[in-house]
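What follows is a short report on a single structure.
What's counted below: heavy atoms across the whole structure, side chains too, no hydrogens, waters or symmetry copies. Naming: A, B, ... by sequence-line order, numbering from 1 per chain.
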Protein chains: 2
Amino acid sequence: MRVDVLAVGTELLLGQIPDTNSAWLGRELAAAGVDSHFHQAVGDNQPRIVLALRTALARSDGVIVCGGLGPTHDDITREAIAEVMNVPLVRDDSLVEGIRALFASRGRTMPESNARQGDVPVGAEVIPQTLGTAPGLVCPVGNKVVYALPGVPYEMYDMFTRAVLPDLRARMASAGGPSTIASRVLKTWGLSESGLSELLAPRVAALDASGGNPTIAFLASGVEGIKVRVTAKGDSHSRVAAMLDAEEKELRALAGDRVFGVDGDTMESVVGGMLEARGLTLATAESLTGGMVSSRLVGVPGASRWFRGSLVAYDSSVKYGLLGLEEGPVVTAEAAMSMAAAVKRLLGADVGLALTGVAGPDPQEGQPPGTVMVGLAMPAGAVPAGAMPAGAGFDQPIESVELTLPGDRERVRQYATISALDLLRRRLLGTQPGCTA
Amino acid sequence: MRVDVLAVGTELLLGQIPDTNSAWLGRELAAAGVDSHFHQAVGDNQPRIVLALRTALARSDGVIVCGGLGPTHDDITREAIAEVMNVPLVRDDSLVEGIRALFASRGRTMPESNARQGDVPVGAEVIPQTLGTAPGLVCPVGNKVVYALPGVPYEMYDMFTRAVLPDLRARMASAGGPSTIASRVLKTWGLSESGLSELLAPRVAALDASGGNPTIAFLASGVEGIKVRVTAKGDSHSRVAAMLDAEEKELRALAGDRVFGVDGDTMESVVGGMLEARGLTLATAESLTGGMVSSRLVGVPGASRWFRGSLVAYDSSVKYGLLGLEEGPVVTAEAAMSMAAAVKRLLGADVGLALTGVAGPDPQEGQPPGTVMVGLAMPAGAVPAGAMPAGAGFDQPIESVELTLPGDRERVRQYATISALDLLRRRLLGTQPGCTA
């Protein structure tokens, strides 16, 4: 099965927004065992969309079109597909009523232009929306197929996963392809792509030598670390799941605790799960990250069971006042530890995590951008004696770690955030689940 | 002049690296007044590269190919172009000697595989390398042209600027085309894409009727609102800039204060600039957003001039304790106003902005996910008498706004964040720059 990808939108040709959809689809199609030999981008122009669709259908079995399903005059993917199918568009009143109801649920009246989103080429199937207004379409063209999906990434991801992937799998199964392909992603933090690749090289070589099933691919994810995707093919779900389990075990034996989670896990969901399992609550004090750590933690459903809150002490006077730091330099190990201890006490938490440092673009206190101090205060009962250095002058297990981080202001703040969470994760790994403060 | 872009590399199709080259070329071509209607990506496979080149040449006047000029066996762009030109490749010994000398200058011996980089299709011109080993090529195909450039971004940027752009300009001048094209993006908040489209419809119709220069396009940006892109073509930079200025004025007259910025502006950079211009400082109190508001504000360079900090009072006990709210429901207008007033006082700021609400997935205090209260406390001197409702029992200008937001936990939090910042922006718009608390 060969499927082209076609991204629609003049903004893509002009380079005003990056085309992340095509790359995402490329990864997903590859993971599903679907060949994708050509990607195209085209502007909001009907004859050109038609030409691009015909080009794609001439060289592949299907095409996934992203974008151009909105309500405005330049959203013409529906018209272009109908022209390629050589059928008229017919308005589906039930779709329009659904869109009208969505607007009503938000206390708004549907503009009449949105009614266009109910237009369906005769013979096409609708993929219902769950997140926005534009329905998707599955459009047969002879024995080939055009899938039309919205250009908004999260709407596209949802429809691809929910409707396109099962349809592609059914087509491949009826053509006699392998019946099951599945992937698992191991998420790592603390190594470069080449460092991780060297660590796992023996396993990659062994798989290549034994026929390449499962396969392993490395995906750099910037500030979220490096992902290792394992893809296995087999004749049943249970067989494929067993292959993935076995391979995950092999890779974890090589990578150790650098693997912080799998698939949908995030650093913050893993840390939250560990805190909850140990009956501990957390508070954070943030300076350069400005609330980024606490915002990620609050993003985890159920965070109220283990997260109490954060004090964003951005201005130094807030550090001296509410947090009670001694007046003086604030980008120091002592300041980070004092912030951690103070916020733990102030918000009544078991664990205090603090960040102070220089995000840039300018130096601060003579230190260059990227200099970050992380402070961590733990409850005495949760840390084995001697496992954690007690900071001088503090009456509890407390430590600070200095980081030197690359990049601009935004990347320094993001790296600082995940690094601080990873420090807490590693410290919690050394404690027992179920222990209490 | 119409020029396609063709990116070569299997890693692009697999989504393993993002195709930043095509977006960069799209911007450069647009700025140079060259139409680029189709972009393609194709893998390292000769028949498919040939097909993609022929497809591009059939629909445009030229094509810029990036990638596949390296020394390894899967670098076959040279062979594909020679096939399309229907000529043999001939090795240029002087090119090979240049590559050998480059290796020698770095103390290394040239691997013999690099000699392939001296292969040139008969009839093509060489673009000399200045930064790496792969020469570029200018290849005539009938009265059309194929430019071959390396895939390494900085090598590609250099060759495009130094050789391709002057060649394109010469071709356009000899064809008498417009010399300049430029865009400006207006950023809006508070309307759906269709609502904004209806508001601006008279202007879109007027432009269409008068020949379509400038053009207008709508770009939905999810939680960041709707962007309106204006693109103008003309025979000089100053003429195009004047057209963009005039069109921005027309659109602002229709959209009013829903336009919060242009091009690189963000909601938080605009709010920060307004606070600074008025000599005001800000503190925030956040519950469901968990620090997302303050993190965005701290992302603005120079935020320390107007941002003091935030209290993330996620657990209710922190709201009752540090913020001094009366024990009871926390998703209320009163709670939002109390939080705003308390954080303003606690962190010594002029303005207090607070958010409390239900992010989901579960209801809270009998209210459904998406219910959000925003509280805003302003300094008395900064608000014209009567312009802002004084909350009962508060001794300062204070208000609360209830929002009903769509989406999952993450989107509710993001919508709440930008909505709260927009409320502050609108309130500041009603005050005078330069006023002090």
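- Inter-residue side-chain proximity for A:L346 and A:K344 is flagged as unmet; no heavy-atom pair is nearer than 4.5 Å.
- Using a 4.5 Å cut-off between heavy atoms, A:T10 touches chain B through backbone and side chain atoms alike.
- Neither the backbone nor the side chain of A:N45 comes within less than 4.5 Å of any heavy atom in chain B.
- Of the atoms belonging to A:L14, heavy atoms from both backbone and side chain fall under 4.5 Å from chain B.
- Within the 3.5 Å criterion, the main-chain N or O of A:P369 finds no donor-acceptor partner in the side chain of A:R409.
- For the set A:L12, A:V152, A:L13, the count of heavy-atom pairs under 4.5 angstrom toward chain B peaks at A:L13.
- Between chain B and the options A:A23, A:A359, A:A41, heavy-atom pairs under 4.5 Å are most frequent for A:A41.
- In this structure, B:T284 contributes its side chain and B:L353 its backbone to no donor-acceptor pair below 3.5 Å.
- In this structure, the portion of B:L191 lying under 4.5 Å from any heavy atom of chain A is its backbone and not its side chain.
- In terms of non-hydrogen atom pairs under 4.5 Å with chain A, the most contact-rich of B:L311, B:T404, B:D408 is B:L311.
- Only the side chain of A:P361 comes within contact range of chain B, with heavy atoms under 4.5 Å apart.
- Taking chain A as the reference chain and counting heavy-atom pairs below 4.5 Å, the highest number among B:R27, B:H39, B:E410 is found for B:H39.
- By number of non-hydrogen pairs under 4.5 angstrom with chain A, the leading residue of B:G370, B:S310, B:G26 is B:S310.
- Side-chain contact check for A:S295 and B:R413: at least one donor-acceptor pair (N or O, by modelled atom type) lies under 3.5 Å.
- Between A:L51 and B:F38, the closest side-chain pair of non-hydrogen atoms falls below 4.5 Å.
- Contacts of A:A58 with chain B are absent, with no heavy-atom separation under 4.5 Å from either backbone or side chain.
- In this structure, the portion of B:I216 lying under 4.5 Å from any heavy atom of chain A is its backbone and not its side chain.
- Contact of A:S113 with chain B is made through backbone and side chain together, with heavy-atom distances under 4.5 Å.
- Between the side chain of A:K319 and the backbone N or O of A:Y314 there is at least one donor-acceptor pair closer than 3.5 Å.
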Show your working on side-chain contact (heavy atoms from CB on, under 4.5 Å) between B:V330 and B:Q364 and close with a plain yes or no.
CA-CA 9 Å; B:V330 294; B:Q364 190 187 335; 4.0 Å; yes
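- Interface check for chain B: of the options A:A31, A:A313, A:A52, A:P71, the most heavy-atom pairs under 4.5 Å are formed by A:P71.
- A:L288 touches chain B through its backbone: at least one of N, CA, C or O sits under 4.5 Å from a heavy atom, while the side chain does not.
- Ranked by heavy-atom pairs under 4.5 Å with chain A, the list B:E286, B:Q40, B:R229, B:E28 is led by B:R229.
- Screening residues 3-20 of chain B for salt bridge (Lys or Arg N to Asp or Glu O under 4.0 Å) gives B:D4-B:R59 as the qualifying pairs, with residues at least two apart or on separate chains.
- Ring geometry, A:H73 versus B:F218: the interplanar angle exceeds 60°, so the pair is classed perpendicular (tilted spans 30 to 60°).
- Counting heavy-atom pairs closer than 4.5 Å to chain A, the top-ranked of the candidates B:P18, B:A283, B:S194 is B:S194.
- In summary, B:R296 and B:E224 engage in a salt bridge, as defined by a charged side-chain N under 4.0 Å from a carboxylate O.
- Interface check for chain B: of the options A:T133, A:T72, A:D315, A:V312, the most heavy-atom pairs under 4.5 Å are formed by A:V312.
- For the set A:R106, A:Q16, A:M292, the count of heavy-atom pairs under 4.5 angstrom toward chain B peaks at A:Q16.
- Ring pair B:W24/B:F160 is perpendicular by interplanar angle, where above 60° counts as perpendicular and below 30° as parallel.
- Of the atoms belonging to A:R116, not a single heavy atom falls under 4.5 Å from chain B.
- With chain A as the partner, the residue from B:G43, B:A303, B:G348 showing the most heavy-atom pairs under 4.5 Å is B:A303.
- Using a 4.5 Å cut-off between heavy atoms, A:V300 contacts chain B through its backbone alone, with no side-chain atom that close.
- Taking A:G302, A:A30, A:S304 one by one and counting their heavy-atom pairs under 4.5 Å with chain B, the maximum is reached by A:S304.
- In this structure, B:E198 contributes its side chain and A:E112 its backbone to a donor-acceptor pair below 3.5 Å.
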Does A:V5 form a side-chain contact (heavy atoms from CB on, under 4.5 Å) with A:V3? I'd like the steps, not just the answer.
CA-CA 7 Å; A:V5 173; A:V3 174; 5.5 Å; no
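- Looking at B:V293, there are no atoms closer than 4.5 Å to chain A (heavy atoms on both sides), in backbone or side chain.
- Residue pairs meeting the salt bridge (Lys or Arg N to Asp or Glu O under 4.0 Å) criterion with at least one member in residues 30-49 of chain B, sequence neighbours excluded: B:D35-B:K233.
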